[in-house]
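A quick write-up on the structure given underneath.
Just so we're on the same page: letters track the sequence lines, and every chain starts at 1.
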2 protein chains.
Amino acid sequence: MNDDAHGTAIRVERPAKTLRELALDKVREAILNGYFRPGDRLVERDLCAQLGVSRTIVREVLRHLESEGLVANLPNKGPIVAQLNHDEAKQIYEIRGALEGMAARLCAEQRNPAIADALDKSLEDIRNSYRDKDMAGVLAHTSSFYQTLFSMVDRHIAWGVVNLLTVRINHLRSMTIKTQNRDVQGPVQMARIVDAIRRGDGEGAFQAAMEHVASASAIAQAVLSGRQPID
Amino acid sequence: MNDDAHGTAIRVERPAKTLRELALDKVREAILNGYFRPGDRLVERDLCAQLGVSRTIVREVLRHLESEGLVANLPNKGPIVAQLNHDEAKQIYEIRGALEGMAARLCAEQRNPAIADALDKSLEDIRNSYRDKDMAGVLAHTSSFYQTLFSMVDRHIAWGVVNLLTVRINHLRSMTIKTQNRDVQGPVQMARIVDAIRRGDGEGAFQAAMEHVASASAIAQAVLSGRQPID
DNA sequence: TACCATATTATGGCCTACCAAGATTATGCA
DNA sequence: TGCATAATCTTGGTAGGCCATAATATGGTA
């Protein structure tokens with residue numbers, strides 16, 4: 001009478017998120033959406049009150065965010081929201097370039113048409129989101145595009161790394177996609193990746209992925225320099 | 001009468017490691033050196049007793065190790081020492097290849113003789129450690145070789161990523177270096193990286209770094225497959 | 001008034017003790 | 001023997017307290 005006897009098709013979605021995970025998501029979200037600004041102190045007891053959880057939880061959450069790079073711990077001062085400078089942002093984009101390029105190359109070498117089809121699907125979603133001015137959708141579908149790139153060749157660890165780094169440049173991402181022409185340029189560059197993959201052109205896919213990240217990085221640097229060609 | 005008035009030359013070494021950091025190091029070390037084996041349960045209260053610290057600390061440490069990938073948390077069961085399978089090990093080596101290749105290329109393009117000199121220094125240390133059969137030394141100096149590679153071009157984030165991934169394959173590393181001929185092959189391959197860097201040959205440095213990691217990966221796979229050509 | 005020494009406060013690091021709920025293992029009875 | 005119930009183990013989570021240190025306020029004196 002257990003699940004195994006009947007398969008797991010209707011297995012209930014485990015609502016079993018622990019309180020800690022809930023709190024983690026809340027705080028991370030609060031940092032990402034700017035409720036907590038870079039440099040803000042994150043006082044344990046205040047967070048307890050705001051989240052309605054105990055210090056134990058808050059401390060674990062802060063440690064976790066620290067290892068994600070979203071929170072920095074000053075000795076004898078306590079945790080603050082980490083600030084990202086030009087150079088670190090550049091490094092993160094560079095790493096993404098290397099890993100996404102790698103994944104793109106592997107996808108191309110796989111010679112499996114289903115990969116390009118799946119990517120096209122995400123690309124279409126991105127175009128639609130741009131058309132609807134749904135910027136949250138653009139971000140989500142862009143992530144999903146890259147997730148597909150990695151998961152189609154079973155590179156979940158690299159995807160984890162990229163994902164981890166990406167949260168740290170989240171605010172930059174949401175700015176770059178609002179940039180002049182990015183609604184056209186972005187998808188065009190991504191389409192080049194898909195084309196190369198469909199052709200089985202590993203080197204081309206690698207290059208196209210690198211270029212896409214490089215241009216995002218360039219925009220991010222411009223944004224960080226203050227002269228924001230935005231909106 | 002403060003330090004600033006007299007410079008910081010005699011500044012006391014800050015012993016200010018928190019208990020949590022100490023405990024973290026202990027447990028990580030215990031996992032790396034095999035005191036805790038993959039699959040072992042890590043019972044909070046047992047760890048409290050063994051470490052002599054409170055649950056607060058132990059919980060934070062376990063969470064931290066979880067985010068490092070050294071510990072896995074089974075729902076409704078609790079934390080165990082993570083086990084690494086073939087495929088994940090392969091993925092980690094692959095990522096290292098991409099990032100170390102990238103760093104090697106950047107070093108070459110820097111055209112700064114000091115870089116190759118520093119790397120040669122580490123290489124010499126590695127050779128000496130091999131000669132003295134000091135395997136811990138080999139590992140340490142190999143790390144330092146790669147750290148130099150990254151830090152010389154100010155890529156501390158990529159270095160962090162590599163470092164994080166490396167702890168997870170630590171036991172494999174200590175096995176690969178004991179492999180037949182690795183005492184010769186390893187340094188030779190690394191010397192090729194240094195040579196390419198000294199020549200300013202970015203592509204060559206990239207390739208040499210990739211090959212070095214690839215051969216380590218191949219050995220690791222052989223080790224994992226049981227047929228260990230060891231010692 | 002200027003300055004220094006002494007509270008006070010804020011905060012992180014750390015601890016003990018406790019409870020609830022789910023999983024596992026013993027136990028005891030039919 | 002087989003099954004239901006109870007005891008136990010362990011994590012998730014809470015409450016509250018202690019101590020050390022750093023920053024800040026306070027107050028008294030030259």
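In this structure, CZ of A:R41 is placed 18 Å from P of C:dT9, rounded to the nearest angstrom. If you take NZ of B:K17 and P of C:dC14, they are 12 Å apart, rounded to a whole angstrom. Nucleotide D:dT10 holds its C1' atom 16 Å from the CG atom of B:D40, rounded to whole Å. Summarising the geometry, the separation between CG on B:L51 and P on C:dC15 is reported as 10 Å, rounded to the nearest angstrom. One interatomic measurement links the two molecules: CZ of A:R63 to P of C:dC14, which rounds to 8 Å at whole-angstrom precision. Distance NZ (A:K77) to P (D:dA23): 6 Å, rounded to an integer number of Å. As rounded to whole Å, 14 Å separates atom C1' of C:dT9 from atom CG of A:D46. In this entry the distance linking CZ of B:R20 with C1' of C:dG12 reads 10 Å, nearest Å.
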task = I would like to know whether B:I157 and A:R168 meet side chain to side chain contact (heavy atoms under 4.5 Å, CB included); could you show each step before the answer?
result = CA-CA 12 Å; B:I157 294 189; A:R168 292 165 69 175; 4.0 Å; yes
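Of the residues near DNA chain D, B:E44 and A:V53, the one whose nearest nucleotide (by heavy atom distance) lies more toward the 5' end is B:E44.
In this structure, a donor-acceptor pair under 3.5 Å is absent between the side chains of B:Q50 and B:D46. Side-chain polar atoms of A:H141 and A:S129 form a donor-acceptor pair below 3.5 angstrom.
A parallel orientation is assigned to the rings of A:Y146 and A:H212, their planes being inclined by less than 30° (bins at 30° and 60°).
Scanning atom types as modelled, one donor and one acceptor separated by under 3.5 angstrom connect the side chain of A:R45 and the base of C:dG12. For a distance-only test at 3.5 Å, the side chain of B:R59 qualifies as a donor-acceptor partner of the base of D:dG13. No hydrogens or angles were tested; on distance alone, nothing pairs the side chain of A:R55 with the base of D:dG13 as donor and acceptor under 3.5 Å.
Minimum atom distance to the side chain of B:S54 is reached by C:dT16, of the listed C:dA23, D:dG12, C:dT16. Distance from the side chain of A:V43 is smallest to C:dT11 among C:dT11, C:dG13, D:dG13.
A:L42 comes within 4.0 angstrom of the backbone, heavy atoms only, and of no base.
Between the side chain of B:E60 and the backbone N or O of B:I57, no donor-acceptor pair lies under 3.5 Å.
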